[in-house]
Amino acid sequence: MAQIPGMIKGLAVTFNTMMRTFKNGSNTVQYPREKEAPPIRARGVIALHEDNCTSCMLCSRSCPDWCIYIEAHKELAPPRREGGKPRAVNKLDRFDIDYALCMYCGICVEVCPFDALFWSPEYEYSEPSIADLLHDKSKLGEWMETVPAAPELEVGADKKKK
Amino acid sequence: MHSLLAVVIPYWGQSLLRVLGGLVAVLLPAGTIVYVFLFKMMSFMQSRLGPMEAGPYGSMQLFAEVGKWLQKEDIQPDNADKRIFRMAPIIVLMSTFLLVAVVPFGPDAWFTNFETGVFYALAVSSISVLGILMAGWSSANKYSLLGGLRAAGQLIAYELPMVLAVMGVVIQAGTMNLQQIVLAQNAGSIFGTDIVGNPYVLTQFVGFVVFMIAVQAELTQAPFDMPIAESELVSGYMTEYSGFRFLIFFIGEFATAGVFAMIASTLFLGGWGVPFSWFGWTSMDSVANWMNVAGPLIVFTKMMVLVFLIMWIRFSYPRFREDQLQRFAWKVLIPISLANIMVTAVLKVAF
Amino acid sequence: MLVNQFLFLAALLFCIGVYGVIARKNAVLVLMSIELILNAVNLNFVAFALRNGNADGHTFALYIIAIAAAEVGVGLGLVLLIFRNRRTISLDDLSEMKG
Amino acid sequence: MVAQNIGFAIIATIMVIAAIRVVTTSNVVHAALWLVVVLAGVAAQYILLAAEFVAVTQVLVYIGAVMVLFLFGTMLTRSRIGVNSGLNNRYSNLGIPVAMVLFAAMSLALADSFGTEKLPSDGSLVTTQQISDQIFGRYLLPFWALSFVLLAAVIGAIVLARKD
């Protein structure tokens, strides 16, 4: 008998939710018709800024899923100063991220020392075939266009120390 | 008693009408219940919209679902007892069709006018237990077997309070014929005021509550859905069923909800009738013929109200544990309904 | 309808039930055969009630149905107890008097 | 009259076949389900005999409760799917002559005493009220005895089923 007020309260909760949904609409959105704006710093897809990459392999090694594949070869670039020796630089042959494996932890973005990887909020890149989820260098480069400018730092946050 | 809208219909025509009417009376409520309550009301109670794509406002979703189920592969487990496996869902659905046969929809619009209508309804509703046990055993799956045994235990336990709750109505009406019970409610009066007739939900409120709880348990709806508890038994006795065999179970579940609600509305809310004093009718013969058309609509409305109650409770409460479930039936509902019978009988004799 | 057609049917059911009681070893199957016998008796009661034009047969058919329900309840309780203690419900294995 | 006889013949044939399957089938659950067919047939025969109330009680008690109990019992005692040998005992062949002789004796007696006597075709329908008047009037004492039997059965079943 003691439970009855609680039971009635429980019924009231569902009934009130129903009336609220009637009046104000639901908390969900009808996805392909309406889209929710992703929050800032949303982790949608990882973009690659190829010119910054030095093939240091840090991202690939820190990836928990081993979903980043990097291949590179050394090339001789013209020397910086007149009469100097030509420099050896790493030229990127392949930079693939397999989004069928990726778990969006973002460690690769954090660990990149040269700001070559960025988060983009784009999320609509599902494919009918799982093989197409392997994004190669050029596709990852295209995502760069969707990367938003870095948001303002919050008040009182430390500036990055040089 | 063979004039529908004052048109005389030959016997074969009446029989055909009854069979078609039976199909409509089972399938139409089932479809409506699934769309209005399972798809829409449940979603709204969870602050979402439910199916929206098929047809305007998702109204064709039901047909899409049926189409999906019909084209699925009909899988039967290797070790299953195939014949029994195939028979089980049909027995469950058959119980529903037998059940609707006694529900009266109007002064002349009934399928059978059984003298022991209430008793018959309670009897055939228990046939579905057999189908459930058969499904559980023949699937050759321990989850199915456990689910089937739980369902049987639950359905037998809640059959008793259901019968006992109905006894109060039978005592008060003095008949087991559902048509006569409708008449007794609509032509009756409470202490001389006959403005709303005498719907037994007022005088038999305890019986009504017990009956609705027992119906909830017989339908294995949410607070009592231990037999198909998906977190421990996958889906109970339905685990191995797919395609149209699952569809039959699904239709059976919601059609039975509708038919039980119709029986409850006949027993406690006055059935197809409106209070006879509104139109100055006194007996069954003086009821106007248009009630044969209005009656089914009235029954349908009352059914929707009761199914709303059932579904509301289903969507609100968490599941009972097995021992709580049995204890509730044997230690709470049965004593209450026995006391209700006693009080009703004493008052019936006293007045 | 003849009186005898129902009585013959009942007799046939009764004899099939008797055969089941004699031939079966499984306790549950013996209980089922007893149900067959009880139903044959009930059929007789109801047939005679119609022949004699009163309700006595109906009353006693109802009593027998109630008795049968009680019998099955206790019988199956026994069978389950035996199964729990001996892991078998074969009646041939229960002939010794040791506990 | 003819329609009733055809109905009787069909139902009776199904019942006899099902009853024979009950005592010969080699799977306990199949036996129980065949028994359901027999019991449903008996209910149908009650309706032919104008015993509506008894028929409904038959469905409620036998099919709804007793058979479910049977299935419950067989499933709890590990009845397997498929053929289960060893359901018959050593004397199973003895049953056939016994049943034959019994049936022969009964048919002789029945044919001798009732011959071709007809059931009254216009027999007044027994109403539920008549039955209740019988139960609570003339046959009240057996009813009391029955309620004590049921009480004893309930208590006995609980005692048997308890673990300790």
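Every chain is numbered from 1 and lettered A, B, ... according to where its sequence line falls, protein lines coming before strand lines.
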At their closest point, which heavy atom of [X] faces which heavy atom of [Y], and how far apart are they?
X: C/Arg24; Y: D/Thr25; value: NH2-O, 2.8 Å
X: D/Val66; Y: C/Ala69; value: CG2-CA, 3.9 Å
X: C/Asn4; Y: D/Ala111; value: ND2-CA, 4.0 Å
X: C/Gly73; Y: D/Leu69; value: CA-CD1, 4.2 Å

Can you confirm whether or not the ring centre of [X] sits under 6.0 Å from the ring centre of [Y]?
X: C/Phe48; Y: D/Phe114; result: yes
X: C/Phe14; Y: D/Phe103; result: no
X: C/Phe60; Y: D/Tyr139; result: yes

Looking only at heavy atoms and a cut-off of under 4.5 Å, which of [options] has the most pairs with chain D?
options: C/Ile67, C/Val74, C/Leu62, C/Val21; answer: C/Leu62
options: C/Leu9, C/Asp56, C/Leu31; answer: C/Asp56
options: C/Ile65, C/Leu78, C/Val18, C/Leu76; answer: C/Ile65
options: C/Gly57, C/Ala40, C/Ala70; answer: C/Ala70
options: C/Cys15, C/Gly77, C/Gly20; answer: C/Cys15

At a heavy-atom separation under 4.5 Å, does [X] approach chain C through its side chain, its backbone, both, or neither?
X: D/Phe70; result: both
X: D/Ala145; result: neither
X: D/Ile135; result: both
X: D/Phe72; result: neither
X: D/Leu35; result: side chain
X: D/Val16; result: both
X: D/Ser113; result: neither
X: D/Ala65; result: neither

Quick one: of [options], who has the most non-hydrogen atom pairs under 4.5 Å with chain C?
options: D/Pro142, D/Ala152, D/Gly95, D/Ala32; result: D/Gly95
options: D/Ser107, D/Ala9, D/Ser132, D/Ala157; result: D/Ser107
options: D/Leu110, D/Ile158, D/Leu94; result: D/Leu110
options: D/Val149, D/Ile96, D/Asp133, D/Leu150; result: D/Ile96

request  = Evaluate the side chain to side chain contact (heavy atoms under 4.5 Å, CB included) criterion for residues C/Tyr19 and D/Leu102: first the C-alpha distance (whole Å), next the side-chain angles of each, then the deciding distance (0.1 Å), finally the verdict.
outcome  = CA-CA 10 Å; C/Tyr19 168 77; D/Leu102 202 57; over 6 Å; no

Enclosure of D/Leu108 CG (heavy-atom neighbours >12, cutoff 6.0 Å) =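 Yes, because the 6.0 Å sphere around CG of D/Leu108 holds more than 12 heavy atoms from other groups.
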
message = At a 4.5 Å cut-off on heavy atoms, which part of C/Glu71 comes close to chain D: side chain, backbone, both, or neither?
response =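 No part of it gets close to chain D.
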
key: Under 4.5 Å from any heavy atom of chain D - which part of C/Leu43   =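 Both parts, backbone and side chain.
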
[X] vs [Y] side-chain heavy atoms within contact, under 4.5 Å:
X: C/Ile16; Y: D/Val22; result: no
X: C/His58; Y: D/Phe53; result: no
X: C/Met32; Y: D/Val23; result: no

Interatomic spacing from [atom1] in [X] to [atom2] in [Y] - rounded to 0.5 Å:
X: D/Leu49; Y: C/Arg51; atom1: CG; atom2: CZ; value: 13.0 Å
X: C/Glu35; Y: D/Leu39; atom1: CD; atom2: CG; value: 7.0 Å
X: D/Ile20; Y: C/Leu12; atom1: CD1; atom2: CG; value: 6.5 Å

inquiry  = Is it true that C/Asn39 and D/Gln58 share a donor-acceptor pair across their side chains at a distance under 3.5 Å?
reply    =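 Yes, side-chain donor-acceptor contact under 3.5 Å.
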
